[in-house]
*Asks:* 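I have a structure I would like to understand better, so I am pasting it below and will then ask my questions one at a time.
Source: prediction; values computed, not measured. Proteins come first, then strands; the chains are lettered A, B, ... in the order of their sequence lines, and each starts at number 1.
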Amino acid sequence: MSEHKNDIIKYCAYSLLLLAVFILQSARGTSPSLWGLQLDVIPFFVVTIALFEGPYGAGSLGFAAGLLCTVGSPVPDGVLALYYGVLGTLCGMFALRYMRRVLPSALLLGLLATVVKGVAGYLFYYALFYNAPAGRAALLLLGDCAVSLAPAALVFFAVRAIYLRFAEKDEA
Amino acid sequence: MKIFRSKPFLFILGIVIAACVIMGGVYAFGGPNLLSGVLGAVVTPLEKGVSAVTDWASNIFGYFYRYSSLQEENARLKEELAGLRNQQREYLEALSENADLREMLGLKQKHREFDLEYCSIVSATEGSYRSGFTIDKGSVNGIETGDCVIVSEGMIGFISEVGPNYSEVLTVLDVSTHVGAVLSRTRETAVSEGSLELLPDGRFKLSYLPNNADVEAGDPVETSGYGGLYPQGLLLGTVVDFLPESHGISSYAVVEPVVPLEELKSVFVVKSFEVVR
């Protein structure tokens, strides 16, 4: 019963962290834009949850993250929720078997998730409807990944801190 | 077959079904679904709070570190204001003369009535290919999808999505924005639209101009008002260049918007309008 209560509080903490990260990333004044490149640490958040909590926790929080990301996004409602939900589940299954809970793993998976999202968006929308040039798209995608790495590390440490805090509680 | 009964597969299937229900709801009913509306209603005030704090910090920083540039800007603006006051006197004289002439000819008096809603910008739209932002007012304040968004200098975008207490705005730079426009000097009609090539420079294009159109750098571009979607006569921007399209059938003008859009902090939404020219 106590363990169940701890899990609820832990996921509430993750949700608040997700909300804080999203607001800092999107609010005017705190959303940094370097040379037209944009920060996006939500994929890194989802894969970090996958590393620490496994497929089901990551899938659920990924779905919630996707719903949150549709606020202020031109992407149709539900698309990002589908992407992050499935991403979280698959990354969780992969990470349980093959990856350790360390920063490089989170950054690697996060980069992969960002690239897949960027390529899918480019191929199925911007290239299809607006003939967006591929060269510029590739540069923008690489740039977005680069500027997101440092904040992604902070997100990793925050998620790890929450996980370790509640892991200690469970052991006690 | 075992895989289709495994827990991970069923979990993913659940996510896919839930997402499809949400997408189907948007397709069937239009606008943001209930969940997105609730999330937007929660997130928007928080973003507004964060923006207010950063604005306060930025003002403090500006007071200490940009004092000399603020002094120069103040002097320049005073000079500009004096010039504008002279122009306003001439404008009021012309307006009065126009009213008298209209009365003599039995024409309806020229007027422009806008029902405006003042809004603050709380966040920018995600994505390197898009140009837009979120404002802190929504359907509760009478804002509807398609409403024109303006600043004192002119039109800068339109409302693309409305929630209860927030709205999403797509600017004139966005690729999905198309506005009927005319060149103020020659009254040549065209369509203003966003362009992925011009977006990094903060400009948009005025398309479907004839190859022999009389277009010069510095020409103002305003809304045509055709179709009744947007008020007539709102300034959209200024022509920077005039170039042929790649297919050669028509040409386009590169236009700079009325204000640098990334510096905006607040806008007005035109909820309803009446223009008589």
*Asks:* May I ask you to name which of B/Thr134, B/Val16, B/Thr44 has the most heavy-atom pairs under 4.5 Å with chain A?
*Replies:*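 Maximum pair count with chain A is reached by B/Val16.
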
*Asks:* Where is the tightest heavy-atom contact between B/Ser51 and A/Arg28, given as atom of each residue plus distance?
*Replies:* OG-O, 3.1 Å

*Asks:* Hey, which of A/Gly143, A/Pro76, A/Gly62, A/Ala137 has the most heavy atom pairs under 4.5 Å with chain B?
*Replies:*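 Option with the greatest count: A/Ala137.
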
*Asks:* Could you walk me through whether A/Tyr130 and B/Glu197 satisfy the side chain to side chain contact (heavy atoms under 4.5 Å, CB included) test, starting with their C-alpha distance in whole Å, then the side-chain angles of each, then the deciding distance to 0.1 Å, before giving a yes or no?
*Replies:* CA-CA 10 Å; A/Tyr130 299 109; B/Glu197 284 80 26; over 6 Å; no

*Asks:* Any chance CZ of A/Phe124 has more than 12 other-residue heavy atoms, nucleotides or ligands included, within less than 6.0 Å?
*Replies:* no

*Asks:* Does atom OH of B/Tyr208 have more than 12 heavy-atom neighbours, drawn from other residues, nucleotides or ligands, at distances under 6.0 Å?
*Replies:* no

*Asks:* Where does A/Leu19 contact chain B at under 4.5 Å (heavy atoms): side chain, backbone, both or neither?
*Replies:* side chain

*Asks:* Would you mind reporting whether B/Ile22 and A/Thr70 have side-chain heavy atoms less than 4.5 Å apart?
*Replies:* no

*Asks:* Can you say whether A/Tyr56 sits under 4.5 Å from chain B via the side chain, the backbone, both, or neither, judging by heavy atoms?
*Replies:* both

*Asks:* Quick check on the interface: out of B/Lys48, B/Glu262, B/Lys7, who has the most heavy-atom pairs with chain A under 4.5 Å?
*Replies:* B/Lys7

*Asks:* Could you measure the distance from the CG atom of A/Leu82 to the CD1 atom of B/Ile17? Nearest 0.5 Å is fine.
*Replies:* 11.5 Å

*Asks:* Are any non-hydrogen side-chain atoms of A/Leu68 and B/Val43 less than 4.5 angstrom apart?
*Replies:*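 Sidechains of B/Val43 and A/Leu68: in contact.
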
*Asks:* What are the two closest non-hydrogen atoms of A/Phe63 and B/Ala19, and how far apart are they?
*Replies:*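 Scanning both residues completely, I find the closest heavy atoms to be CE1-N, 4.0 Å.
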
*Asks:* Quick one: are B/Ile12 and A/Leu90 in side-chain contact, heavy atoms under 4.5 Å?
*Replies:*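 Yes, close enough: below the 4.5 Å cut-off.
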
*Asks:* Side chain, backbone, both or neither: which part of B/Ser123 has a non-hydrogen atom closer than 4.5 Å to chain A?
*Replies:*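 It is both, since atoms from each part get that close.
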
*Asks:* Side chain, backbone, both or neither: which part of B/Leu264 has a heavy atom under 4.5 Å from chain A?
*Replies:*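 Only the backbone of B/Leu264 comes within 4.5 Å of chain A.
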
*Asks:* What are the two closest non-hydrogen atoms of A/Val79 and B/Met23, and how far apart are they?
*Replies:* CG2-SD, 3.7 Å

*Asks:* With a 4.5 angstrom heavy-atom cut-off, could you sort out which part of A/Phe129 is near chain B: side chain, backbone, both or neither?
*Replies:*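 Neither part; nothing is under 4.5 Å.
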
*Asks:* Under a 4.5 Å heavy-atom cut-off, does chain A meet the side chain of B/Ala18, its backbone, both or neither?
*Replies:* both

*Asks:* Find the one option among B/Leu39, B/Val175, B/Leu196 whose heavy-atom pairs under 4.5 Å with chain A are most numerous.
*Replies:* B/Val175

*Asks:* Would you mind checking which part of B/Ser176 comes under 4.5 Å of any heavy atom in chain A, side chain (CB onward), backbone (N, CA, C, O), both or neither?
*Replies:*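 The answer is both parts of B/Ser176.
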
*Asks:* Between A/Gly88, A/Gly59, A/Gly66, A/Gly92, which has the largest tally of heavy atom pairs under 4.5 Å with chain B?
*Replies:*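 So the answer, after comparing A/Gly88, A/Gly59, A/Gly66, A/Gly92, is A/Gly59.
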
*Asks:* Just how far is it from atom CG of B/Leu46 to atom CZ of A/Phe22, taken to the nearest 0.5 Å?
*Replies:* 10.5 Å

*Asks:* Quick one: CD1 on B/Ile15 to OH on A/Tyr84, what's the gap to the nearest 0.5 Å?
*Replies:* 14.0 Å

*Asks:* With rounding to the nearest 0.5 angstrom, report the CD to OH distance, A/Gln38 to B/Tyr129.
*Replies:* 12.0 Å

